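Okay, so here's the structure we're looking at.
Both counts, for ligands and for their atoms, begin at 1 and track the order of listing. Predicted, not measured: the structure shown is a model, and the values here were computed from it.
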Amino acid sequence: MTMLNLNDTISKTTEYKKFVSIIIPTFNESRNITDLLNQIQSNIPAGTNVEIIIVDDNSPDGTGLIVEKYIKEKMGTLYRDQVNPSTSIKIIHRKEKTGLISALVNGISTSEGQNVLIMDADFSHPPEVINRMISELKKEPNCIIIGSRYITGGAINGMPLKRLLLSIGANFIARHGLCLKNVYDPMSGFFAFPKHTLHGMEFNTDGFKILLEILIKKKNTVKVKEIPYTFKDRKYGQSKLNFPIILEYIKAVWKLYRYGRKSKKQNTQLEKRKSVRFISKAARFYTVGFSGFVLNYLISILLSNGILGSFGYLQATAVGIAVSVTTNFLLNKFWTFEDKNVNLTRFLRQYGMFIGCSSLGILIQFLSIYMLRESGVPYDISLLVGVTIASVSNFLFNKKWTFKENIWG
Ligand SMILES: Nc1nc2c(ncn2[C@@H]2O[C@H](COP(=O)(O)OP(=O)(O)O)[C@@H](O)[C@H]2O)c(=O)[nH]1
Ligand SMILES: [Mg+2]
């Protein structure tokens, strides 16, 4: 793991030559890059000084050469009618593919802009939104502007189901696991910010999304504004998403989670007591779950074999489920979460929420198993991971939503 910081770049530049540096990492984007450069330039507001920096990792399809040629021709006459005169373009050729974060940090470290805007080269991030981002940067000098797919007006188009589910899942984990609830799209790859926000920050080059690192490490010091956009899946070329990337994501979230906890100078005694409370509630919740499992089995068997009744197996199963869900709810309400309030409306609302959360757990189990299987993970491991994720989410959802407690504590 290498840590990089940009302090030199930031403090050296007392006067910025450009208002914004648009940084675009590329790997095999030969079919997109020329159109993209043209479209970006036609979407820059008149009179705004901009530089575009392409960071190419020696793409085998010749993306780097295409950009070289484009820059030479731009200096000549070929693109004279299209290009914006206050825009310059440069390219950084890196010998090897050493990761997206290090490519972006390389780009930022050579940039001359007061602000930085980051976007992909595959038209997933529409160049038309750049104009709005730049005007937001002009309005607000200490704010990260995020292109957001998950606020009103934003959308995702044409993404295969598997990728869509992964994106929603990763977003959910980042927002709730890393306590970024006020940001709706912390996994966005399309965003802009004043360069000074990076001062004092170290980037983990093994990280996953540079925005996520900035949001966690600068949580209490910068504002965030999201503007909606429609994400379109790439038309040409291939996405880099594969199973190792999913593992990398999990690793990165874990590191950021630990970073967040370490940096919280909280009363450790209090933390300890909270962790004891959390663990004891989780233990009760799973004990109740186990009792429900036994009860469900016994009732269904006794109803179907004539001891308690002679139901058909479907009815026997249904009664078994209904009874065990109800006893699970009652035990969790009065014992696990120690909620003694028996107001009828509250009781019924909680009962409904409890059933809702359990159904959500089932859905999550299906989805996670489906995603893992589709990524090539064997069924036994997928099942184990799926059941674990589902039962943990079931506990956390009920804690948070049904019994209105903080997740931690
Ligand atoms: N420099 C560089 N760019 C990369 C690398 N991997 C992907 N990219 C670029 O990063 C952007 C996002 O990559 P993409 O494969 O579309 O990721 P996805 O949208 O998450 O599927 C695109 O502009 C890619 O060309 C890399 O290893 N190095
Ligand atoms: Mg893409």
Side-chain angles (χ1 to χ4, degrees), residues 2 4 21-37 39-40 52-68 89-111 116-127 129-130 147-150 155-171 174 185-191 203 205-212 229-250 252-253 371 374-375:
T2 322
L4 295 174
S21 303
I22 300 180
I23 302 191
I24 308 168
T26 57
F27 191 75
N28 288 346
E29 299 288 2
S30 60
R31 298 183 72 181
N32 292 316
I33 197 68
T34 307
D35 273 355
L36 184 79
L37 288 171
Q39 287 196 30
I40 290 178
I52 302 175
I53 304 178
I54 305 292
V55 190
D56 186 68
D57 284 3
N58 203 5
S59 296
D61 75 348
T63 305
L65 289 176
I66 295 173
V67 177
E68 285 287 346
I89 304 176
K90 69 183 180 198
I91 177 157
I92 300 172
H93 294 283
R94 305 198 319 157
K95 284 208 188 72
E96 280 167 22
K97 226 170 163 308
T98 45
L100 211 48
I101 290 208
S102 77
L104 293 173
V105 172
N106 265 193
I108 299 171
S109 65
T110 63
S111 66
V116 172
L117 187 155
I118 290 176
M119 69 189 292
D120 289 356
D122 57 0
F123 283 100
S124 290
H125 302 151
V129 180
I130 294 176
S148 178
R149 299 160 290 181
Y150 298 115
I156 298 182
N157 273 355
M159 199 186 255
L161 180 67
K162 186 178 93 185
R163 286 210 52 199
L164 182 66
L165 293 175
L166 280 172
S167 166
I168 293 173
N171 189 58
D185 197 353
M187 299 292 296
S188 179
F190 190 22
F191 58 102
F203 290 96
T205 52
D206 293 346
F208 187 75
K209 286 272 179 174
I210 200 162
L211 175 62
L212 204 54
Y229 82 96
T230 299
F231 179 100
K232 288 187 233 67
D233 203 24
R234 61 162 65 243
K235 223 165 57 197
Y236 302 116
Q238 265 196 342
S239 156
K240 63 178 191 312
L241 189 77
N242 51 22
F243 188 59
I245 296 270
I246 300 175
L247 285 184
E248 234 176 68
Y249 172 68
I250 294 169
V253 168
M371 289 191 307
E374 289 293 305
S375 313

task: Please state which part of R94 comes within less than 4.0 Å of ligand 1, counting heavy atoms only: side chain, backbone, both or neither.
output: neither

message: Checking the side chain of D57 only, and the main-chain atoms of R94 only, is there a donor and an acceptor separated by less than 3.5 Å?
response: no

query: Out of I33, I22, I92, which residue meets the side chain to side chain contact (heavy atoms under 4.5 Å, CB included) rule with I54?
result: I33

message: Does ligand 1 come near enough to L100 that some N or O of the ligand is less than 3.5 Å from an N or O of the residue?
response: no

task: With heavy atoms under 4.0 Å as the rule, classify the contact between A103 and ligand 1 as side chain, backbone, both or neither.
output: side chain

- prompt: Relative to the heavy atoms of V55, which atoms of ligand 1 are at a distance of less than 4.0 Å?
  reply: 1 (N)

query: Any N or O on F231 sitting closer than 3.5 Å to an N or O of ligand 1?
result: no

message: Is it the case that the side chain of N157 and the backbone of K232 share a donor-acceptor pair, with hydrogens and angles ignored and the cut-off at 3.5 Å?
response: no

message: Minimum distance, heavy atoms only, to atom 11 (C) of ligand 1: which one of D120, I54, D122 is it?
response: D120

query: Between the main-chain N or O of T110 and the side-chain N or O of K90, is there a donor-acceptor pair closer than 3.5 Å?
result: yes

- request: Please answer whether the main-chain N or O of D233 pairs with a side-chain N or O of S124 as donor and acceptor at a distance below 3.5 Å.
  value: no

- request: Indicate yes or no: does an N/O atom of I24 lie under 3.5 Å from an N/O atom of ligand 1?
  value: no

statement: In terms of its nearest heavy atom to atom 27 (O) of ligand 1, the top option of R234, K97, E29 is K97

message: Within less than 2.8 Å, report the number of protein N/O/S atoms around the Mg ion (ligand 2).
response: 1

message: Angle between ring planes, H125 versus F190, binned at 30° and 60°: parallel, tilted or perpendicular?
response: parallel

message: Rounded at 0.5 Å granularity, tell me how far CD1 in I24 sits from CD in E29.
response: 10.0 Å

task: Measure from the side-chain N and O atoms of D120 to the backbone N and O of D122, and report whether any donor-acceptor pair falls under 3.5 Å.
output: no

field: Heavy-atom donor-acceptor pair, S102 side chain to T98 backbone, under 3.5 Å
entry: yes

- request: Determine yes or no for a side-chain-to-main-chain donor-acceptor pair under 3.5 angstrom, with S188 supplying the side chain and G147 the backbone.
  value: yes

- prompt: Quick one: which ligand 1 atoms are inside 4.0 Å of a heavy atom on A121?
  reply: 22 (C), 23 (O)

